[in-house]
Amino acid sequence: MNTVALRQWHVDEIDLANDGFYGLSFDDRDEAYRVLRRERPVAHFAERAEPPFEAGPGFWALTRHADVVEASRSADVYSSAEGTLIRDRPSIDIATVLHSMFDMDDPGHAKRRKLVADFFTARAVSGFAATVERLVDEILDDVVERGECDLANDVAKRLPVAVTCDLMGVPPLDRAWIQQRTTVVSAYGDPSVLPGQSLPVMQALNNANELGQYGVELAKHRRKAPTDDMMSRLAHAQIDGRRLTDDELAQWFLLFQSAGSETTGHAITKGVAAFDAFPEQRAAWMADFDGLAPTAIEEILRWSSPVIQFRRTLTRDIVLHDQELHAGDKIVLVYSAANRDEDAFEHPYRFDIRRKKNHHVAFGGAGPHNCLGAPIARRELRVMMRAIFERLPDLELAAEPTVLRSTIVSGIREMPVLFTPTARKGN
Ligand code: HEM
């Protein structure tokens, strides 16, 4: 339970369109979501002009679990084709890199998803387990002797970037370059990620474009010398009897790097923060790691909810909770809010690694776009948490974590930690 007094919200004060909202503490945001779920489950927010975006038509936010699940599953009514970020894709050239299969409806989306789905089966992921363990060992080796580090950047973020790079065929030397860019892309507007720079959204788009172009170059190499990685697959793949274009290869590369990297990193960081705040949960898991791992991992995912929200656009008029909504309206599915819904979870504000009924929507509401990388993310969480418990058993927070101010990713920008130094495993 919270020990700090929560901000008291009047429902009219809450503005999910104001970037400032995303700089508030997680507890204050959760409290605002609670008020919305109870008093205004379909809430409208205006979109102001902010270069490169024009003032948009505004959006409706769904904060209840049942509504988020229903909207996720009813893709014929709640379409992804107009974009999945709240703001429309800016009409500038470099923004085409955002137009991946994630921003498509079936059948086009399903055809594309099928091209790589076998990289994410349970079998494929368990074949990948040794790689994840090796990567975790290497990452922890770089910090264990120091007795302190920034867990968010020195540890948590590095794993998913390394895993996604490995999956896609990016050489290890390029990982740091990729990590820098995915951080800027996923912040999508947090001015503190690039201090001193104007137009953080333009910076995010430029970085997104650079990542896309990297993917195109990698695919060119793989056309000449294929291996068993995902870019080799995509470089030779056919859609409707033709090869993927450079634009499409760029979109794929960006989608996987951004979807796979920041999300999992923030789940790890917020998971470690939760165990610091709830030491009895940490002691319980350390005492029976394998026994509690299945439920503990789901609880970390629910608790951390690394993706705040994605958007859909209505294909026809509907009425929801007495509110008339019209074809073309933007609807935002607030996963972070749904994951604290009292009607879906018993004691939702309790971090409980033994939680039984945990149908969280951290990976989406089980619709056609449900997270493809979920089995990999679960594996990364398991291996990393075990390694932290074993190698840094007395790790504790050295200062309050800094919240990332992003409208997409619910994360921690920096989290200094202390621990008793231990020996490296490798040379
Ligand atoms: C804790 C980590 C992660 C979280 C919380 C997360 C969350 C999500 C969410 C909320 C969606 C949208 C679901 C929807 O619209 O219904 C999504 C889609 C997606 N995720 Fe993840 N994700 C994570 C890790 C990963 C990883 C590791 C990868 C790949 C390496 C990945 C790849 C994708 C892809 C490709 C999609 C789009 C799927 C589609 O359009 O069919 N994600 N993820």
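Numbers here are sequence positions counted from 1. Whatever order the structure lists them in is the order used to number ligands and atoms, beginning at 1.
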protein heavy-atom neighbour closest to atom 20 (N) of ligand 1 works out as Cys371 SG, 3.3 Å
In terms of its nearest heavy atom to atom 35 (C) of ligand 1, the top option of Phe120, Tyr78, Phe256 is Phe256
Taking only non-hydrogen atoms of Ala377 and a 4.0 Å limit, the atoms of ligand 1 in range are 1 (C), 2 (C), 24 (C)
Between Phe59 and His44, is the ring centre distance below 6.0 Å? no
- Check: Phe310 ring centroid to Phe102 ring centroid under 6.0 Å: yes
Do Leu249 and Lys220 come within less than 4.5 Å of each other through their side chains, counting heavy atoms only? no
Note: Leu381, heavy atoms under 4.0 Å from ligand 1, region reported as neither
- Task: Find out whether the Lys NZ or Arg CZ of Arg7 is both under 6.0 angstrom from the six-membered ring centre of Trp9 and within 45° of the ring's axis.
- Result: yes
Contact region, His369 to ligand 1, non-hydrogen atoms below 4.0 Å, reads both
- Checking Arg175 against Trp177: charged group under 6.0 Å from the ring centre and within 45 degrees of the axis? no
Residue, atom and distance of the protein heavy atom nearest atom 1 (C) of ligand 1 read Leu301 CD2, 3.6 Å
For Gly364, the atoms of ligand 1 under 4.0 Å from one of its heavy atoms are 10 (C), 13 (C), 16 (O)
**Study point:** Non-hydrogen atom of Gly367 closer than 4.0 Å to ligand 1
**Key:** no
Q: Find out whether Leu314 and Ser79 are in side-chain contact, i.e. whether some heavy atom of one side chain is under 4.5 Å from a heavy atom of the other.
A: no
among protein heavy atoms, the one nearest atom 23 (C) of ligand 1 is Thr263 OG1, 3.4 Å
Taking the six-membered ring for Trp and the single ring otherwise, decide whether the centroids of Phe21 and Tyr33 are under 6.0 Å apart. yes
Atom 33 (C) of ligand 1 sits nearest the protein heavy atom Ala259 CB, 3.6 Å
Thr264 heavy atoms within 4.0 Å reach ligand 1 at atoms 1 (C), 2 (C), 24 (C), 27 (C)
### Query
Are Lys330 and Phe45 in a cation-pi setup, meaning NZ or CZ lies under 6.0 angstrom from the ring centre and within 45 degrees of the ring axis?
no
For Pro306, the ligand 1 atoms with a heavy-atom partner under 4.0 Å come out as 5 (C)
- Query: Which class fits the ring pair Phe275 and Phe351: parallel under 30°, tilted 30 to 60°, perpendicular over 60°?
  - Reply: perpendicular
If you scan protein heavy atoms around atom 6 (C) of ligand 1, the nearest is Phe363 CD2, 3.6 Å
- Can an N or O of Arg312 be found at a distance shorter than 3.5 Å from an N or O of ligand 1? yes
For atom 11 (C) of ligand 1, the closest protein heavy atom turns out to be Phe310 CE1, 3.9 Å
For atom 7 (C) of ligand 1, the closest protein heavy atom turns out to be Ala362 O, 3.4 Å
Contact check, Arg378 vs ligand 1, heavy-atom distance below 4.0 Å: no
Ion pair Arg302/Glu298, N-O distance below 4.0 Å
no
Correct closest heavy-atom pair for Met104 and His109 would be O-CB, 3.6 Å
Notebook entry, point to check: Do Arg113 and ligand 1 have an N or O pair less than 3.5 Å apart?
Noted result: yes
Could you tell me if Arg340 sits above the aromatic ring of Trp303, with its cationic atom closer than 6.0 Å to the ring centre and no more than 45 degrees from the axis? yes
Checklist entry - Taking both backbone and side-chain atoms of Ser72, is any N or O found less than 3.5 Å from an N or O belonging to ligand 1? => result no
Would you say ligand 1 has an N or O under 3.5 Å from any N or O of His109?
yes
All heavy atoms of Trp60 vs all of Glu324, minimum pair found to be CZ2-O, 4.5 Å
Numbered in order shown, the ligand 1 atoms found under 4.0 Å of a heavy atom of Tyr335 are 10 (C), 14 (C), 15 (O)
min-distance protein heavy atom vs atom 26 (C) of ligand 1 -> Gly260 CA, 3.4 Å
Notebook entry, point to check: Can you check whether Phe345 and His359 have ring centres sitting under 6.0 Å from each other?
Noted result: no
With heavy atoms and a 4.0 Å threshold, my read on which part of Arg112 contacts ligand 1 is neither
